[in-house]
Asker: 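This is the structure I have questions about; it appears just below.
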Amino acid sequence: MRWIEPDVNMATEIGLNLREQDRIEVQLSHGIGGLHAVLGSYRQSRVCMAIEGDDGTPVGMTGVAGDRIWLLGTEGLTATKSHRWQLCLHGREWVEHCLEVVGCPIGNHVYAKNRQAIRWLKHLGFTVEHPEPIGPSLSLFCPFWRAR
């Protein structure tokens with residue numbers, strides 16, 4: 001797994017192959033599909049990176065738009081033990097880099113039923129708060145944030 005400079009083609013490939021939990025989350029939170037979510041997030045981010053799997057296939061993209069950190073991926077993002085380990089290892093470095101570049105606390109909302117994502121966010125040092133209804137669906141999402 002490598003973290004690389006993104007481009008619109010990678011954003012498109014990831015958006016067209018978004019993993020189910022990410023498709024559900026963007027639909028519930030923003031009422032949009034995966035391709036629109038990845039392309040919009042990519043275009044709005046002041047800092048952004050793509051993640052490619054061990055075979056060179058784009059498996060994820062992450063960035064910060066304003067003070068909102070995001071990560072959207074394909075099933076390949078966590079498909080292997082190696083990918084999961086590297087995501088945890090490099091994820092911490094990425095969050096530190098984002099905090100440095102942005103210069104203020106960063107955060108977002110995570111779907112309250114996505115326990116794996118909540119566990120990962122806590123591993124990265126984020127504070128995850130109690131769920132609240134957001135988006136057009138008024139589904140429960142947990143605000144999360146982290147400061148330096």
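Position 1 is the first residue of the sequence; numbering continues from there.
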Asker: Rounded at 0.5 Å granularity, tell me how far CD in Gln27 sits from CG in Leu18.
Answerer: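 Going from the CD atom of Gln27 to the CG atom of Leu18 covers 11.5 Å.
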Asker: Only one of Ile51, Asp54, Thr80 clears side chain to side chain contact (heavy atoms under 4.5 Å, CB included) with Gln86; which?
Answerer: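 That would be Asp54; it is the only one of Ile51, Asp54, Thr80 passing the side chain to side chain contact (heavy atoms under 4.5 Å, CB included) with Gln86.
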Asker: Atom CG in Leu99, atom CD1 in Ile106: separation rounded to 0.5 Å?
Answerer: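 The distance works out to 4.0 Å.
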Asker: Once you round to the nearest 0.5 Å, how far does CE of Met49 lie from CH2 of Trp3?
Answerer: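 So the gap between those two atoms works out to 7.5 Å.
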Asker: Are Arg43 and Val8 side-chain neighbours, meaning at least one heavy-atom pair lies under 4.5 Å?
Answerer: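 Yes - at least one pair of side-chain heavy atoms lies under 4.5 Å apart.
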Asker: Do Thr78 and Arg84 come within less than 4.5 Å of each other through their side chains, counting heavy atoms only?
Answerer: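 Heavy-atom side-chain distance check passes, below 4.5 Å.
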Asker: Kindly give the heavy-atom pair with the smallest separation between Met10 and Glu5, and that separation in Å.
Answerer: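 The answer is CE-O, 3.6 Å.
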Asker: Mind checking the OG-CZ spacing from Ser45 to Arg68? Nearest 0.5 Å is all I need.
Answerer: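 Taking OG in Ser45 and CZ in Arg68, the distance rounds to 11.5 Å.
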Asker: Nearest 0.5 Å please: distance from the CG atom of Asp7 over to the SG atom of Cys48.
Answerer: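 It is 10.0 Å, given to the nearest 0.5 Å.
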Asker: Determine, stepwise, if the pair Leu72 / Val26 fulfils side chain to side chain contact (heavy atoms under 4.5 Å, CB included).
Answerer: CA-CA 9 Å; Leu72 296 166; Val26 299; 4.0 Å; yes
Asker: Does any pair with a residue in residues 27-49 pass ring-ring contact (aromatic ring centres under 6.0 Å, His included), and if so which ones, sequence neighbours excluded?
Answerer: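 Pairs touching residues 27-49 that pass the test: none.
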Asker: Report yes if the side chains of Leu71 and Met61 come closer than 4.5 Å at any heavy-atom pair, otherwise no.
Answerer: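 Side chain of Leu71 against side chain of Met61, heavy atoms only: no contact under 4.5 Å found.
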Asker: Kindly write out the residues that satisfy side chain to side chain contact (heavy atoms under 4.5 Å, CB included) with Glu52, not counting sequence neighbours, or none if the list is empty.
Answerer: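 Per chain and number, Glu52 pairs via side chain to side chain contact (heavy atoms under 4.5 Å, CB included) with Arg2, Ile4.
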Asker: Donor-acceptor pairs under 3.5 angstrom involving side-chain atoms of residues 122-144: please list them, not counting sequence neighbours.
Answerer:
{"from": "His123", "atom 1": "NE2", "to": "Arg92", "atom 2": "NE", "distance (Å)": "3.4"}
{"from": "Glu129", "atom 1": "OE2", "to": "Trp145", "atom 2": "NE1", "distance (Å)": "2.8"}
{"from": "Glu132", "atom 1": "OE2", "to": "His109", "atom 2": "NE2", "distance (Å)": "3.3"}
{"from": "Ser137", "atom 1": "OG", "to": "Leu28", "atom 2": "O", "distance (Å)": "2.9"}
{"from": "Ser137", "atom 1": "OG", "to": "Ser139", "atom 2": "N", "distance (Å)": "3.1"}
{"from": "Ser137", "atom 1": "OG", "to": "Ser139", "atom 2": "OG", "distance (Å)": "2.8"}

Asker: Could you measure the distance from the CG atom of Asp22 to the CG atom of Asn17? Nearest 0.5 Å is fine.
Answerer: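 Nearest 0.5 Å value for the CG-CG distance: 12.0 Å.
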